[in-house]
Each structure stands twice: as C-alpha cells, then as structure tokens.
Number of protein chains: 2
Amino acid sequence: MSFDLDEFLPYQLSVAAAKISRSFAEIYRAEAGLTIPEWRVMAHLHRSGPVSVRDITARVHLDKSIVSRAASKLEGGGLISSQPHETDRRLVVLELTPDGNALMQRLGRIADDFQARLLRDLGPDAAHLQSALRRIIDGVP
Amino acid sequence: MSFDLDEFLPYQLSVAAAKISRSFAEIYRAEAGLTIPEWRVMAHLHRSGPVSVRDITARVHLDKSIVSRAASKLEGGGLISSQPHETDRRLVVLELTPDGNALMQRLGRIADDFQARLLRDLGPDAAHLQSALRRIIDGVP
DNA sequence: ACCTGTTCGTTGCGATTGCAATGAAAATAT
DNA sequence: ATATTTTCATTGCAATCGCAACGAACAGGT
C-alpha cells in the first residue's frame, strides 16, 4: 500500500481552503476591489473599533508588513483613517471611516449569506467541520 | 450585531490550512529539502507511476508552470526522471528514480504518522472534517 | 495533403509574499 | 539620568506564485 495524497488531511485542507477562498475573494474583489488581506483588516476593524496595527496582526493571522501595506492602501481609498496613539507614539491607531463602515455593512451581509449557503450545502457535517477547525486554529499541534 | 470574522468559514479554513501546512511543510523541508509543490509531485508520482505533467497538474491542484518548475528541480536532484512520450511527443513522462522511490517510502511513513497524530488530536470530529473537506473539494462551489 | 484550431510544456513577467533590516519610541536596567 | 534592550511600524529585497504568451506537436475538417 502506498501513501495516498488525496486522503492526506493537510493536502485536503489546503485544497479546500484555496477553493473556498478563491470563490469568496472573487465576490469582494468585484464588489469593492479588495484583496484578501484588505478584507481581513476591514472585517476586524468593523468589529473591534479603533485598534493598532499590531492588534490586527495578532488577531487576523497576517504578517505586520502585509497589514501595514493593506492599511495604507485602504487609507488611500478613504475606507480607513489612521492616527498616532495618544500616549504611545509608536502605535498607529486604525479606524473605519463612515465610508468604510458603510462598505463593511454591505460586505458583512454578503459574507453572512455566503456562509449560510455554504453551511446548507455542507449539511450535517458543517458543525463538526467548524469545531475541528477551531480546534486546529487555537491549539492542536 | 456586526460580522464576526472568527466565525467565518472561509477564514477559518484558510487559517487552519496555513497552520497545518506550515507545520508539515517544515518536516519534509528538514527531511529532504522539498517545497510543497515538489512534495505534491513526488507523492503523486509515487502512487501513479509514470505520468505526464498535465496529469499531475490536473490531479494535484497546481498550475502547470509550478509542476514544470518543480519537476525540473526534482530531476536536477536525481529524484525523478523525464522522457518524451512514446507516441505523443508533446508529452513529458515523469517517473520516480530509485532514489526518489526510496525517499517517498520514508516520507510516506512520516506523513502517515503525522496524519495519525492529527486525527487522534482532533477526536471524534475528524471523520466529519474529512467528509466535509471532500465535499468541498469535489463539488460544492 | 493542407489549413485551422487545440493541446502540451516551458518561459517571461508582474504582483504578492514573507523575512530581515531600519528607525523611532518606550520600557527596563544600571 | 543614562544606557541597554525591547517593541512598533514601515520599507527593501529576494523568492514564489499565477497568468499569459510562446513554440512545438497533434487532431480534425475540408
């Protein structure tokens, strides 16, 4: 018996993630011209309110260079604003502009719809899928 | 209620896949100096026997340019051999060398161990996870 | 047989990524 | 108070990726 790549979990995860990511990335690319890192930064800001780059970096699983570049592009597009932190002047505090907030409200609904359809298509395994993914994300290996 | 990225399936999938991939990629990088595409090509050749680049491309979810470059590096390292197809001279037939075969036998065992440990850590959700991933990979848009 | 369209693999090129280096600011130690 | 070390964010740079273009070989139609 030889090793079967198709049954190998890291491979399956990688292929499935790439497929879903592409499919959803295409939506907010067409809808708002956002890349994946930009989308993640926006989504996090929408929920967290004003936070520094390092907070986003930590919570959104992106390198700080990527967050930094995404932020400067989003700021250029008027979707977020940035200002130095009040007391600690190393930090840069990012925040959604009204435009950015409006966009995220629209995209949030679209994302929820996408998720709902996905969960429906996956059927009863969906809950276990999410539970396993959470387990992987915060802890397992 | 605002949108929660942490509960968003495409995001969870992407983060989980990246984490597992890194973790396993580090193993065969240290073990054999292989990259992810190279590993996938090797793994497929080990199971399929001699096949053309386009077959690998189709089954292993990599662009043909990536398979092509991976193949030429593997050939340089003496792990695979390539020769033109007998009747269709557009095709390049790839095949593991004895060295490549021996390496894959070793890596296959390591991969199986990795998978076993992962499944054990994930517990009862693991089966559902794989079933959901398979569903995503071949079908659900 | 000839012509057109298609398939295959390689290569070029722009864009993206991750890592390391940099410089500014703050925390900690002496 | 000064010096050393650490933390942040940005920037530079090399490596990688995906897409498109290309040349070679084949298939199908006329």
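Note that these values count all heavy atoms, side chains included, but never hydrogens, waters or copies made by symmetry. Owing to the predicted nature of the structure, the values given are computational and were not obtained by experimental measurement. Every chain is numbered from 1 and lettered A, B, ... according to where its sequence line falls, protein lines coming before strand lines.
Classified by interplanar angle (parallel below 30°, tilted 30° to 60°, perpendicular above 60°), the ring pair A:His128/B:His128 is parallel. Aromatic ring pairs are classed by plane angle as parallel below 30°, tilted from 30° to 60° and perpendicular above 60°; the pair B:Phe8 and A:Phe24 is perpendicular.
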message: Show, in sequence, the C-alpha distance, side-chain angles and deciding distance for B:Ser14 and A:Arg40, and conclude whether the side-chain hydrogen bond (donor to acceptor under 3.5 Å, both in side chains) test is met.
response: CA-CA 12 Å; B:Ser14 178; A:Arg40 287 196 193 173; 3.0 Å; yes

task: Under the side-chain hydrogen bond (donor to acceptor under 3.5 Å, both in side chains) rule, what do B:Thr97 and B:Asp99 come out as? Steps first, then yes or no, please.
output: CA-CA 5 Å; B:Thr97 63; B:Asp99 274 7; 5.4 Å; no

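Summary of the strand contacts: B:Lys64 and B:Lys73 both lie near DNA chain D, and taking for each the nucleotide with the nearest heavy atom, the more 5' one is attributed to B:Lys73.
Checked against C:dT10, D:dA9, C:dT11, the side chain of B:Arg69 finds its nearest nucleotide in C:dT11. Minimum atom distance to the side chain of A:Arg90 is reached by D:dT6, of the listed D:dT10, D:dT6, C:dT10.
C:dA15 atom P lies 18 Å from atom CD1 of B:Ile66, rounded to whole Å. A:Asp55 places its CG atom 13 Å from the C1' atom of D:dT7, with the value rounded to the nearest Å. Atom CD in B:Glu75 sits about 13 Å away from atom C1' in C:dG9, given to the nearest Å. Atom CG of B:Asp88 is separated from atom C1' of D:dA24 by 11 Å (rounded to the nearest Å). Here C:dG18 presents its P atom at 6 Å from CZ of B:Arg22, a figure rounded to the nearest Å. A straight line from CG of B:Leu62 to C1' of C:dG9 spans 15 Å, rounded to a whole angstrom. For A:Leu91 and C:dA26, the CG to P distance is 10 Å, given to the nearest whole Å. With rounding to whole Å, A:Ile36 atom CD1 is found 12 Å from D:dG18 atom P.
Atom CD of B:Glu26 sits in a crowded spot, with more than 12 heavy atoms from other residues, nucleotides or ligands closer than 6.0 Å.
Across all strands, B:Pro37 comes closer than 4.0 Å only to sugar-phosphate atoms, never to a base (heavy-atom distances). Within the nucleic acid shown, A:Ser65 comes within 4.0 Å of at least one base atom, counting heavy atoms only. Among the protein residues, B:Asp63 comes within range of the nucleic acid bases, having at least one heavy atom under 4.0 Å from a base atom. Residue contacts for A:Ser82: at a heavy-atom cut-off of 4.0 Å it reaches no nucleic acid atom on any strand shown. Nucleic acid contact class of B:Thr57 (heavy atoms, under 4.0 Å, all strands): none.
Taking 3.5 Å as the limit, the base of C:dG23 and the side chain of A:Arg89 contain no donor-acceptor pair of atoms between them.
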